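Report on the structure given below.
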There are 2 protein chains.
Amino acid sequence: MKKVSILIVDDHKLIRETWSFILGSDDRFEVIADCGDPDEAIKVAAEKKPNVVLMDINMIPMSGFDATEQIKKVSPETRIIGVSMHSQPAYARKMLQVGAHGYVTKNSSREEMVKAILEVDKGNKYICDEIRNIISEQLTEAEPQGPDIQSLTDREIQIIGFIKKGHSSREIAAELDISLKTVEVHRHNILKKLKLKNTAALVNFINSNPSLY
Amino acid sequence: MKKVSILIVDDHKLIRETWSFILGSDDRFEVIADCGDPDEAIKVAAEKKPNVVLMDINMIPMSGFDATEQIKKVSPETRIIGVSMHSQPAYARKMLQVGAHGYVTKNSSREEMVKAILEVDKGNKYICDEIRNIISEQLTEAEPQGPDIQSLTDREIQIIGFIKKGHSSREIAAELDISLKTVEVHRHNILKKLKLKNTAALVNFINSNPSLY
DNA sequence: ATGCTGATCGGGATAAATCCTGGGCGCATG
DNA sequence: CATGCGCCCAGGATTTATCCCGATCAGCAT
């Protein structure tokens with residue numbers, strides 16, 4: 001019986017150590033490395049080709065998603081599990097979209113983590129109970145016109161990026177070399193689609209909505 | 001040699017379990033309970049009077065700080081260690097201010113956590129190396145006019161709260177029953193103090209700056 | 001071809017935010 | 001008591017944002 005080789009990626013040393021400790025004391029697993037830097041994680045994954053990667057996705061802006069994509073390129077056989085404290089299904093979706101096989105929140109139990117690793121190692125996908133429950137709730141709820149994040153255009157998302165940085169419409173127009181009027185229309189459409197009424201609400205919405213980076 | 005009794009408070013089950021596992025396997029410690037609800041934590045602390053509480057402060061808005069204050073009331077002898085993924089010294093200050101004896105980031109090592117528990121149990125204060133380094137760096141840096149978060153008044157912070165929720169100046173004026181002009185002055189002063197130029201930048205600044213709630 | 005959508009741009013209007021000026025009131029500290 | 005500071009308010013100016021009304025054009029699918 002071969003052990004499942006594991007690489008742990010998390011920017012917090014304490015977390016890495018605790019997981020190494022816990023998983024290392026289980027005969028079925030073998031933690032072959034842990035690192036706090038996404039770039040380093042990609043290197044290690046390329047060299048050691050671990051069976052499973054535990055990827056924390058609270059790391060600085062979206063690097064968890066990027067790292068997942070990179071690792072799948074350099075080591076396609078490696079299964080990746082996203083581990084996060086966020087309970088929004090949007091994170092899970094994004095994670096699977098970039099090539100991960102599993103997603104577990106930090107609300108899950110240790111048993112569930114173990115189960116996730118074993119399942120993913122077999123090539124199956126695994127989403128933790130919490131997220132699955134939320135998703136099925138959302139399905140039954142039949143949302144009465146929630147904000148249409150999906151309907152946002154590429155251009156609109158790009159504009160959102162500038163707004164988030166604190167740029168004014170005039171500045172954005174200059175940077176994209178388009179008319180001020182166009183930027184204003186984009187902003188108006190964004191607010192309408194997301195059912196928000198001003199910039200403050202928008203910025204807040206963005207910051208709690210990972211799908212928009 | 002009496003064991004140090006420990007209560008673990010963290011809203012993430014996985015984190016609670018891993019710490020229980022690790023600390024429980026050390027003869028010097030005894031994890032007597034763990035809970036994910038701040039209110040429950042206060043109850044348990046009142047009953048069992050643990051020697052040390054590990055308090056995660058990523059829990060929903062400021063509940064970690066509140067819970068710390070409450071626990072110090074119902075069990076003054078209990079030492080509390082704030083545990084967080086945030087490396088800003090502002091958190092640590094706030095934590096000690098509400099009665100904690102220690103602060104450890106999740107970048108710290110397991111040894112450091114053990115040391116923190118032992119020190120705090122003896123009645124000493126303990127701040128992890130990372131934060132101490134940052135503080136001493138800031139002292140030597142002689143900040144060339146960074147944003148004056150400290151200089152914000154209570155009223156201004158209150159106004160910030162409303163802005164963050166997406167309320168307009170007119171709405172804020174109505175809710176606080178003061179003049180629109182006054183709110184505008186407050187907003188202007190806030191931007192000036194924080195050296196920001198518009199609402200978008202402000203909201204973003206807030207969201208990456210926990211010291212303002 | 002016809003229709004749809006995204007992106008572009010404009011006029012014109014209103015509301016909101018930003019930026020000045022200045023003043024008054026209460027309270028604490030020196 | 002004088003000074004500073006927080007908080008309040010006002011007038012007036014400018015910029016920015018929000019919201020209508022349009023319009024053209026390109027691409028793409030039925």
Side-chain angles (χ1 to χ4, degrees), chain A residues 145-209 211-213, chain B residues 90 93-94 97 145-209 211-213:
Chain A
Q145 298 164 338
D148 270 345
I149 313 171
Q150 310 289 358
S151 67
L152 287 175
T153 321
D154 291 344
R155 193 60 151 176
E156 285 163 349
I157 291 178
Q158 188 184 14
I159 302 274
I160 287 177
F162 285 104
I163 296 176
K164 185 175 159 170
K165 287 187 218 157
H167 297 197
S168 70
S169 295
R170 190 177 303 276
E171 289 170 337
I172 298 173
E175 283 164 309
L176 295 179
D177 196 34
I178 57 179
S179 162
L180 169 62
K181 270 297 180 182
T182 305
V183 178
E184 287 178 340
V185 170
H186 281 313
R187 293 184 73 143
H188 181 245
N189 290 337
I190 291 169
L191 292 183
K192 203 165 71 177
K193 285 182 181 177
L194 299 181
K195 303 190 195 307
L196 302 169
K197 56 176 199 174
N198 57 35
T199 308
L202 173 62
V203 175
N204 237 300
F205 182 82
I206 302 168
N207 282 328
S208 58
N209 248 105
S211 36
L212 307 175
Y213 287 41
Chain B
R93 263 189 235 110
K94 180 85 180 175
Q97 187 185 322
Q145 296 165 337
D148 270 345
I149 312 173
Q150 310 288 359
S151 68
L152 288 175
T153 61
D154 292 343
R155 195 57 151 177
E156 284 162 351
I157 291 178
Q158 188 184 14
I159 302 274
I160 287 177
F162 285 104
I163 296 175
K164 184 176 161 169
K165 287 188 218 159
H167 297 197
S168 69
S169 295
R170 191 177 303 275
E171 290 170 336
I172 298 172
E175 282 164 311
L176 295 179
D177 196 34
I178 57 179
S179 162
L180 168 61
K181 272 298 180 182
T182 305
V183 178
E184 287 177 339
V185 171
H186 281 313
R187 292 185 73 143
H188 178 55
N189 290 337
I190 291 169
L191 293 184
K192 201 165 73 177
K193 284 181 181 177
L194 299 181
K195 303 191 196 308
L196 302 169
K197 56 177 200 173
N198 58 33
T199 308
L202 173 62
V203 174
N204 238 303
F205 181 82
I206 301 167
N207 281 329
S208 57
N209 239 353
S211 36
L212 308 175
Y213 290 39

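From a predicted model like this one, the values you see are computed outputs, not experimental measurements. Chain letters run A, B, ... following the sequence lines, proteins first, then strands; residues in each count from 1. Quick note: numbers below take in every heavy atom, side chains included, and nothing from hydrogens, waters or symmetry partners.
In this view, E184(B) satisfies the side-chain hydrogen bond (donor to acceptor under 3.5 Å, both in side chains) rule with no residue, not counting sequence neighbours. By the side-chain hydrogen bond (donor to acceptor under 3.5 Å, both in side chains) test, S169(A) pairs with R187(A), sequence neighbours left out. Qualifying side-chain contact (heavy atoms from CB on, under 4.5 Å) partners for L191(A), counting only residues two or more places apart in sequence or in other chains: L196(A), L202(A). Considering only residues two or more places apart in sequence or on other chains, K197(A) meets the salt bridge (Lys or Arg N to Asp or Glu O under 4.0 Å) condition with E171(B). When the side-chain hydrogen bond (donor to acceptor under 3.5 Å, both in side chains) test is applied to R155(B), the partners found at least two apart in sequence or on another chain are Q158(B).
In this model, the phosphate group of dA16(C) is not approached by any side-chain N or O of S169(B) to a distance below 4.0 Å at OP1 or OP2.
Residues from residues 178-189 of chain B lying near DNA chain D, meaning a heavy-atom separation below 4.0 Å, are I178(B), S179(B), K181(B), T182(B), V185(B), H186(B) in numerical order.
In DNA chain C, runs of at least 3 consecutive Watson-Crick or G-U pairs, each pair with both distances below 3.5 Å, span C:1-17 with D:14-30, C:19-30 with D:1-12.
Remark: C1' of dT18(C) and CD of E171(A) are 14 Å apart, rounded to the nearest angstrom. For the pair I157(A) CD1 and dA7(C) P, the interatomic distance rounds to 10 Å; values are reported in whole Å. The nearest whole Å value for the distance from the CD1 atom in I190(B) to the P atom in dT18(C) is 10 Å.
Within the structure, ring pair (Phe, Tyr, Trp, His ring centres under 6.0 Å) pairs that include any residue of residues 182-201 of chain A do not occur (at least two apart or interchain).
Between T199(A) and A200(B), the closest heavy-atom pair is CG2-CB, 3.6 Å. Pairing each heavy atom of K164(A) with each of N204(B), the nearest pair is O-ND2, 2.5 Å.
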Under 3.5 Å, which donor-acceptor pairs link side chains of residues 175-183 of chain B to any protein atom two or more places apart or in another chain?
residue	atom	partner	partner atom	Å
E175(B)	OE1	H167(B)	ND1	2.9
E175(B)	OE2	H167(B)	ND1	3.3
S179(B)	OG	K181(B)	N	3.0

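With a cutoff of under 4.0 Å to any heavy atom of chain A, the contacted region of DNA chain D is bounded 5' to 3' by dT16(D) to dC20(D).
When each of T199(A) and D177(B) is assigned the nucleotide of DNA chain D with its nearest heavy atom, D177(B) is the one assigned upstream, toward the 5' end.
Summarising the geometry, atom CD belonging to E156(B) is positioned 9.5 Å from atom CG belonging to D154(B); distances are rounded to the nearest 0.5 Å.
Taking 4.5 Å as the limit, some side-chain heavy atom of I160(B) sits within range of a side-chain heavy atom of L152(B).
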